[in-house]
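One structure is given below, encoded as structure tokens.
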Amino acid sequence: MKSYLEHEDLWKCVEGDVTAVTNERNIAKVKAKWILSVDKSNYSHIRDASTPKQVWYNLKAAFEDSGLTRKVGLLRMLVTTRLENCASTEEYVNKICTTAQKLNSLNFTVGDE
């Protein structure tokens, strides 16, 4: 999301740049892009935020957990993912790879096996 907003020259609104924060059009654009990008189940994290900076903080607090609980949850997801529970082999492989990448980003090495 950060890269997307940077590409659209809107990240300054999140950083709190004075000229960007006072530009109501840019603020509306950022809010619209977030609303359109965030899954409905995660909308509750941004619904009550009044500024783009607050939205970013709320999303980081909700999803940037790098603690033991997050690692255990991802590891559980990795070992319990079954092909028969996925719609296709592609979905199964994507789910396994994505979960492994998330664990790797938390400094938990997942081997190819």
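The first residue in the sequence is number 1, and the count goes up from there.
Side chains of K102 and R70 form a contact here, defined as non-hydrogen atoms less than 4.5 Å apart. Side-chain contact between K33 and E8: present, with at least one pair of heavy atoms (C-beta onward) separated by less than 4.5 Å.
Using a 4.5 Å cut-off between side-chain heavy atoms of Ile, Leu, Val, Met, Phe, Trp and Tyr, with links allowed through other members, L75 and M77 fall into different hydrophobic clusters. With hydrophobic clusters built from ILVMFWY side chains whose heavy atoms lie under 4.5 angstrom apart, Y43 does not share a cluster with I27.
The CD atom of E91 sits 10.5 Å away from atom OG1 of T98, with the distance rounded to the nearest 0.5 Å. To the nearest 0.5 Å, the span separating CZ on R25 from SG on C13 amounts to 12.0 Å. To the nearest 0.5 angstrom, L5 atom CG is 8.0 Å from S37 atom OG. Note: R82 CZ to I96 CD1 = 8.5 Å, rounded to the nearest 0.5 Å. Taking CG of L74 as the start and CG of N104 as the end, the distance is 10.5 Å to the nearest 0.5 Å. Note: N23 CG to D17 CG = 10.5 Å, rounded to the nearest 0.5 Å.
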Item to check | Evaluation steps, side chain to side chain contact (heavy atoms under 4.5 Å, CB included), between K95 and Y92 | outcome: CA-CA 5 Å; K95 192 170 185 179; Y92 172 74; 5.9 Å; no
Next on the checklist: The test is side chain to side chain contact (heavy atoms under 4.5 Å, CB included); show your working for V55 and Y57 and say whether it passes.
Outcome noted: CA-CA 5 Å; V55 170; Y57 176 80; over 6 Å; no
Next on the checklist: Between V14 and W34, is the side chain to side chain contact (heavy atoms under 4.5 Å, CB included) condition met? List the steps.
Outcome noted: CA-CA 12 Å; V14 178; W34 260 317; 3.5 Å; yes
I'd like a table of donor-acceptor pairs (distance under 3.5 Å, sequence neighbours excluded) in which one partner is a side-chain atom from residues 44-53, with atom names and distances.
from, atom 1, to, atom 2, distance (Å)
S50, OG, Q54, OE1, 3.1
T51, OG1, Q54, N, 3.1

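The minimum heavy-atom distance linking A100 with L78 is given by the pair N-CD1, 4.4 Å. Looking at every heavy atom in both residues, T81 comes nearest to C86 through CG2-SG, 4.4 Å.
Take W56 and apply the side-chain hydrogen bond (donor to acceptor under 3.5 Å, both in side chains) test, not counting sequence neighbours, and it matches no residue.
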